[in-house]
Amino acid sequence: MTKRIVRMALLTAVALIIFIVEAQIPVPVPIPGIKLGLANIITVYAMFRLGPKDTLAILLCRVFLGSVFSGQMTTLIYSLAGGLLCYASMLIMRRIVTENQVWVCSVIGAVCHNIGQIAAAMLIAQTAGLIIYLPVLMLSGVIAGLFTGLCAQFLLKRMKKL
Amino acid sequence: MLKTRTWIIIIAAAAVVLAALTAVTLNLKRDSAVVEVVQDGTVIRQIDLNAVAREYSFDVFWRDGGVNTVTVRPGRICVSHADCPDLVCVNRGWLSTEVTPIVCMPHRLVIRAAGATELDAVSE
């Protein structure tokens, strides 16, 4: 039990650091909601190594603490909507992919994250027109999800002992 | 269990479709040049960009003290300055008849096509 909590705390800390460092890097594309989402590496890793319950705890802690530390409480709702939809989709995907297809799970998760995020933005801004950004956000989700998914897959293979 | 090759094909095909849709959506234009400045779902200003004679600016304040400076010129509008962390709204640049709205999510500010939503403008 202690070992489990320590492991979750460690992963949360790592995810949080990745999240905060990434937030300092300016995004080259002027489209709302696009980012690499490197903290997703930890979510995917935890999903396959620790299981759904622990992953949810890590994800929620990272999202809440992340918005506290980056001073952006207004963006919490978008992260939360995206994060939870991403989590739900990965919950399904983890059952239908093999250990060499972890990246697929990550791609689907990232695309769902962006769908959830823009849905929240449309509700809050009451602007249905924001959906115009959906294709470009989903495309960025595919690319970002592929990258973070491959990172997570390598991590899973190299760190079997942890 | 699908083969990895099948997954690659599915995801690559999806990426191609999305790229095509992206190219279309980001280049859509509309006829009207009337825009509205919306904060947190409330329209606070409506501007006909074609009726603008000379340049002017105004500030939009957010409840946490944040501010976006909106600049209007004949035929176009932009967020010229903001103190939000990501500056997506400023980097977006000028908006004239494009369908894609200017968005500042941290300050819940949207500058969008007025009246009919952008979706209606697309379907016309």
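Below, all heavy atoms of this structure are taken into account, side chains as well, without hydrogens, waters or symmetry copies.
Within 6.0 Å of CZ on A:F147 lie no more than 12 heavy atoms contributed by other residues, nucleotides or ligands.
A donor-acceptor contact shorter than 3.5 Å links the side chain of A:E22 to the backbone of A:L38. Side-chain atoms of B:N50 do not come within 3.5 Å of backbone N or O of B:A33 as any donor-acceptor pair.
Ranked by non-hydrogen atom pairs under 4.5 Å with chain A, the options B:V90, B:I8, B:L21, B:T4 are led by B:T4. Of all the listed residues (A:P32, A:A121, A:P135), the one sharing the greatest number of non-hydrogen pairs under 4.5 Å with chain B is A:P135. Ranked by heavy-atom pairs shorter than 4.5 Å toward chain B, the options A:I96, A:L123, A:V104 are led by A:V104. Among B:I11, B:L2, B:I10, the residue making the largest number of heavy-atom pairs under 4.5 Å with chain A is B:I11.
Only the side chain of A:V142 comes within less than 4.5 Å of a heavy atom of chain B; its backbone N, CA, C and O stay farther away. Proximity to chain B (any heavy atom under 4.5 Å) is shown, for A:P26, by neither the backbone nor the side chain. For A:I31, the parts sitting under 4.5 Å from any heavy atom of chain B are the backbone and the side chain alike. Heavy-atom distances place the side chain of A:T75, and not its backbone, under 4.5 Å from chain B.
A salt bridge is defined here as a Lys NZ or Arg NE, NH1 or NH2 lying under 4.0 Å from an Asp or Glu carboxylate O, and B:K29 with B:E98 meets this definition. For the pair B:D40 and B:R63, the salt-bridge criterion is met [side-chain N within less than 4.0 Å of a carboxylate O].
Between the side chains of B:S57 and B:T71, at least one donor N or O sits under 3.5 Å from an acceptor N or O.
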